[in-house]
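All values below come from the heavy atoms of this structure, side chains included, with hydrogens, waters and symmetry mates left out.
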Amino acid sequence: MSDALHELAALEDHGAFAARHIGPSEAEIAAMLQAVGAASLDDLADRTVPAAIRGQDFSQLPPPVSEAEAIAELRALSELNTRRRSLIGMGYHGTHVPPVILRNVLENPGWYTAYTPYQAEIAQGRLEALVNFQTMVCDLTGLPVANASLLDEATAAAEAMALALAASKSKSRTLLVAADVHPQTLAVIQTRAEPLGLVVEVVPVSGISVAAAEKKPFALVLQYPGTTGEVRDIAPEIAAVQAVGGLAIVASDPLSLVLLTPPGEMGADVVIGSSQRFGVPMGYGGPHAAFMAVKDAYKRLMPGRLVGVSVDAAGRPAMRLALQTREQHIRREKATSNICTAQVLLAVMAGMYAVWHGPEGLKRIARRVALQARLLADAAVRAGFTLRHEAFFDTIAIEAGAKADALMAEALSSGFNLRRIDATGVGIALDETVSRLELETLLAVLGKVGGQAVALDALSPRGGLPAALARRSAILTAQVFNSHHAEHAMLRYLKSLEDKDVALNRSMIPLGSCTMKLNATAEMIPVTFPGFGEMHPFVPADQAAGYIAMIRRLESWLATITGFAAVSLQPNAGSQGEYAGLLAIRAWHKARGEAQRDVCLIPSSAHGTNPASAVMAGMRVVVVGCDRDGNVDLADLEAKIAQHADKLSALMVTYPSTHGVFEEEIIRICDAVHAAGGQVYMDGANMNAQVGLTAPGRIGADVCHLNLHKTFCIPHGGGGPGVGPIGVAAHLAPHLPNHPLLAEAGPATGYGPVSAAPFGSASILPISYAYIRMMGGAALTRATQVAILNANYIAKRLDGHFPVLYKGARGMVAHECILDCRGFQQGGGVLVEDIAKRLQDYGFHAPTMSWPVAGTLMVEPTESETKAELDRFCDAMIAIRAEIRAVEQGRADRNDNPLKNAPHTAAEVMSSDWAHPYSREEAAFPLPFVAAHKYWPPVKRVDNVYGDRNLICTCAPLEDYAQAAE
């Protein structure tokens with residue numbers, strides 16, 4: 001090679017992305033290494049990760065490419081997908097994403113990089129947006145309480161099943177499901193019911209009421225409208241199941257509820273569905289925001305998150321997550337759900353779709369879709385076909401007889417995917433994207449196959465919604481849905497909400513165990529490529545060639561990174577990954593004739609989702625103690641293994657541990673479990689400390705779930721979306737989840753689906769694909785090393801001010817550190833919550849508070865933060881320690897000080913009434929860097945108790961909230 005070509009190769013920027021993703025420069029890395037006493041990043045890794053598990057081969061990963069090359073590669077993959085208008089329905093519909101929402105929410109890091117709104121004061125914008133979503137759901141369903149979204153319609157139905165089991169007065173273990181429920185929903189319900197010993201019986205529509213009286217189920221699941229489009233009065237069926245003590249669960253289409261009598265007005269106990277068609281692309285299955293609304297009596301059993309309105313310390317309205325005792329990190333093995341997330345970003349989009357269109361706009365869309373369906377129904381009859389249902393909203397079911405194959409083929413050649421219902425039935429689901437020209441093309445298809453051509457202007461609307469089921473109650477009466485229909489108004493409304501929040505585009509979010517790292521723009525761009533966004537999840541596999549190629553590559557790369565034989569990308573959240581992994585273990589034991597193995601050992605320090613997932617998978621939880629250093633107590637583990645040897649199914653372990661250290665005895669732990677016939681499930685929440693240095697498969701795990709929204713750069717979105725795939729060893733590969741509607745989604749021997757779509761939240765998988773593709777193996781390893789370096793640097797800087805609670809055998813922490821704040825309460829009455837709220841005045845989101853140890857802060861800086869940002873955070877913490885010391889020494893009032901009064905709002909600081917013994921400057925601008933980039937918390941500290949005692953979770957004018965508070 002000539003000198004010029006050598007120079008040209010050297011000037012290529014294939015490795016440039018890694019330097020942008022990894023925050024600290026070479027000089028900063030050198031300075032931090034000196035501070036922590038390590039000679040190099042390799043030396044630091046040697047002192048942090050046990051030698052016995054070190055080593056990883058990334059030779060199978062492709063070399064890194066530049067941002068432009070990665071985007072081009074993904075664009076080419078998206079263009080391999082065949083773009084046809086999919087009128088398949090089944091809960092997935094074409095929709096127009098309003099451009100103002102596309103640009104200012106979906107593509108806006110102020111929305112997509114935010115964290116779950118646990119720190120309510122700095123999340124008021126997202127919380128208000130979620131209240132909009134909840135209000136929309138309550139209005140449409142006719143029920144008083146709705147949560148802030150669930151993962152998809154099928155899992156929402158399974159969650160409703162669990163709620164009904166807990167709430168029903170019936171002692172039955174039987175669930176009835178109407179035969180016209182979406183097939184993917186039925187399949188997920190069956191997957192979830194089997195480990196719990198529940199019997200799922202599918203009932204013909206004509207015999208539902210009789211079956212309810214005879215079987216006396218704990219619940220009945222209905223679809224409204226039915227999966228093939230039929231609209232019928234379900235009130236008698238609801239009454240029939242309630243008469244025997246069961247609950248009525250109704251899966252519904254939100255657009256139909258704009259025109260239909262809502263299920264809540266028919267007596268339904270629980271209403272679930274998907275808000276996908278409210279401005280969220282189909283994206284080959286997700287992510288989409290499912291919803292659940294319940295009667296007031298069941299609000300404390302409702303899974304997921306609920307946003308409520310409370311008051312702040314000044315008595316002003318403020319929003320927060322309500323009824324937090326339902327969270328499984330508190331309830332653990334007593335939880336009825338393992339859901340620890342939501343689909344916040346998508347719920348925000350759906351709620352804003354309703355804000356943008358308003359009630360009249362939604363009615364216009366619904367009426368147009370319904371009219372199209374009625375015209376098409378008439379065309380089908382005139383062409384010689386018959387209709388299976390005369391009452392429908394947007395979906396017609398055509399009885400095509402021997403012409404069904406021809407009808408499907410002709411539609412396909414004309415650019416449409418229709419639904420093959422059965423041997424002779426064809427379904428057509430209309431949506432807002434279908435143009436008049438496309439409607440005329442569909443008429444031509446029907447005419448050609450049926451033998452009788454029909455012109456559009458010759459049609460008369462046929463069938464449709466029965467007059468008796470027409471909606472008479474108002475929708476979306478709150479002011480917010482009637483105010484922002486001009487784009488300037490909507491743009492400014494979205495901006496006003498964004499400005500209330502702290503996201504990664506403002507400052508570091510140092511949450512332990514949550515890995516709030518860079519979500520690079522180059523990774524996000526492919527998400528909105530039309531070839532990815534417009535794909536229905538149940539198109540023929542040959543139309544999804546680009547998606548499947550991308551998925552197979554990503555599966556392969558993740559298998560290499562984890563050291564496993566196979567990966568499933570179907571689980572669409574970390575909680576779903578935990579559950580799917582445990583089901584794989586359960587299925588493996590069952591296949592070997594050892595179904596009696598049902599004991600799951602879980603360390604006391606584990607994530608709360610672990611025991612909740614184990615119970616949902618039909619396992620009995622046995623807790624294993626931890627020693628004073630946060631490691632698994634080996635003596636207790638061995639005793640529990642001996643006690644339950646013939647029943648041992650699995651051990652669930654997080655690595656590095658939840659205490660932020662690499663346990664030295666992890667191989668011994670795995671070997672002990674295996675020797676007793678059990679399997680090792682590794683929680684991958686802390687995978688950001690493993691990549692390139694070790695791997696779950698090398699350590700001895702049999703299965704591990706990954707949080708792609710943590711280690712692999714899918715953004716948190718304010719509390720969702722997430723992806724939680726599982727990697728498994730070869731012997732578990734035959735027992736991965738599969739899907740009845742797509743053979744390519746999993747092994748034929750799999751146990752069924754855990755998500756509605758075959759590949760879960762497929763449309764955001766390009767993010768992780770791009771991340772791995774642009775980093776390459778060496779940079780992925782370096783990212784892990786820098787993540788560990790950044791955590792150790794913070795631990796070193798703060799160690800003299802805040803004791804670091806746990807360290808490894810050689811004095812190092814892993815990728816996170818736990819700061820002990822418990823001593824400040826006795827000395828100065830300062831609580832860990834006071835520190836968390838005071839950090840907001842410095843412009844920072846608080847670290848993880850009081851978990852895994854009460855009274856502590858768990859800090860994880862990730863590899864993406866520069867040394868300058870780490871120093872700003874450390875300076876803020878050190879300044880706060882000085883404020884605590886002033887209280888301890890009596891120089892500051894014990895009750896009236898910056899910590900107890902934090903956060904300080906602009907209204908408070910600017911007020912003429914300032915009675916505090918400290919200055920306004922000390923309150924609002926405690927360090928020089930704060931003044932340069934001041935973030936003003938919009939509310940003072942939120943009153944949690946008031947919010948739970950006075951639960952309000954839907955929109956009303958703020959003056960109403962204020963009057964209620966008074």
Side-chain angles (χ1 to χ4, degrees), residues 195-196 327-340 513 571 574-586 588-589 596-661 663 665-666 668-687 696 699-705 707 724 726 732 806 851-854 858:
L196 300 176
E327 294 277 1
Q328 66 300 98
H329 66 258
I330 297 170
R331 299 187 67 185
R332 298 176 68 81
E333 67 271 13
K334 294 182 176 63
T336 54
S337 168
N338 72 339
I339 293 291
C340 66
S513 196
S575 57
Q576 295 296 91
E578 287 182 17
Y579 178 67
L582 291 173
L583 286 189
I585 291 173
R586 183 177 184 272
W588 179 74
H589 285 308
Q596 84 283 357
R597 290 187 174 271
D598 65 349
V599 168
C600 186
L601 303 179
I602 301 180
S604 59
S605 64
H607 291 87
T609 53
N610 288 179
S613 296
V615 170
M616 287 174 52
M619 297 181 181
R620 292 182 293 137
V621 173
V622 174
V623 178
V624 177
C626 291
D627 63 23
R628 59 182 299 173
D629 296 320
N631 299 314
V632 173
D633 185 324
L634 290 174
D636 190 42
L637 173 67
E638 290 167 355
K640 298 287 173 58
I641 289 175
Q643 180 183 352
H644 301 285
D646 60 334
K647 301 284 188 182
L648 179 61
S649 176
L651 165 74
M652 296 186 80
V653 62
T654 302
Y655 202 74
S657 74
T658 6
H659 295 97
V661 296
E663 297 189 47
E665 300 294 340
I666 187 64
R668 178 180 166 188
I669 290 170
C670 295
D671 288 347
V673 173
H674 289 145
Q679 296 284 278
V680 175
Y681 175 94
M682 185 169 285
D683 185 314
N686 293 341
M687 192 69 191
I699 293 168
D702 301 287
V703 56
C704 176
H705 91 267
N707 297 97
I726 53 171
L732 293 181
Y806 301 108
W851 189 84
V853 180
M858 183 161 60

Run H705 and Y579 through side chain to side chain donor-acceptor pair (under 3.5 Å) and show every step you take.
CA-CA 9 Å; H705 91 267; Y579 178 67; over 6 Å; no

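- For residues 611-655, every residue pair satisfying the ring-ring contact (aromatic ring centres under 6.0 Å, His included) rule, not counting sequence neighbours, is listed here: Y655-F662.
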Could you walk me through whether Q679 and H674 pass the side chain to side chain contact (heavy atoms under 4.5 Å, CB included) test, one step at a time?
CA-CA 6 Å; Q679 296 284 278; H674 289 145; 4.3 Å; yes

Tell me, with the steps shown, if S649 and C600 meet side chain to side chain contact (heavy atoms under 4.5 Å, CB included).
CA-CA 6 Å; S649 176; C600 186; 5.7 Å; no

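- Taking CZ of R668 as the start and CG of L637 as the end, the distance is 9.0 Å to the nearest 0.5 Å.
- Side-chain N or O atoms of S605 include none that pairs as donor or acceptor with a backbone N or O of T658 at under 3.5 Å.
- In terms of modelled atom types and a separation under 3.5 Å, the side chain of E665 and the main chain of L634 share no donor-acceptor contact.
- The distance from the CG atom of L601 to the CG atom of N610 is 12.5 Å, given to the nearest 0.5 Å.
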Show the numbers, then the answer: is there a side chain to side chain donor-acceptor pair (under 3.5 Å) between S575 and T609?
CA-CA 7 Å; S575 57; T609 53; over 6 Å; no

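- Atom CG in L583 sits 15.5 Å away from atom CH2 in W588 (nearest 0.5 Å).
- Within the 3.5 Å criterion, the main-chain N or O of D633 finds no donor-acceptor partner in the side chain of D627.
- Judged by distance alone, with hydrogens and angles left aside, the side-chain atoms of Q596 form a donor-acceptor pair with the main-chain N or O of D646 at under 3.5 Å.
- Judged purely by atom type and a 3.5 angstrom limit, D636 uses its side chain to pair as donor or acceptor with the backbone of G625.
- Among the candidates I669, D702, I602, the single residue satisfying the side-chain contact (heavy atoms from CB on, under 4.5 Å) test with L651 is I669.
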Decide yes or no on side chain to side chain contact (heavy atoms under 4.5 Å, CB included) for L732 and I726, but give the supporting numbers first.
CA-CA 11 Å; L732 293 181; I726 53 171; over 6 Å; no

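- Judged by distance alone, the side chain of D683 and the main-chain N or O of A685 form a donor-acceptor pair under 3.5 Å.
- Side-chain atoms of R597 come within 3.5 Å of backbone atoms of A645 as a donor-acceptor pair (strictly under, hydrogens ignored).
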Mind running side chain to side chain contact (heavy atoms under 4.5 Å, CB included) on D598 and K647 for me, showing each step along the way?
CA-CA 6 Å; D598 65 349; K647 301 284 188 182; 4.2 Å; yes

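- Inter-residue side-chain proximity for V599 and K640 is flagged as unmet; no heavy-atom pair is nearer than 4.5 Å.
- In this structure, the side chains of W851 and S513 come closer than 4.5 Å at one or more pairs of heavy atoms.
- The backbone N or O of E663 sits nowhere less than 3.5 Å from a side-chain atom of N631 that would complete a donor-acceptor pair.
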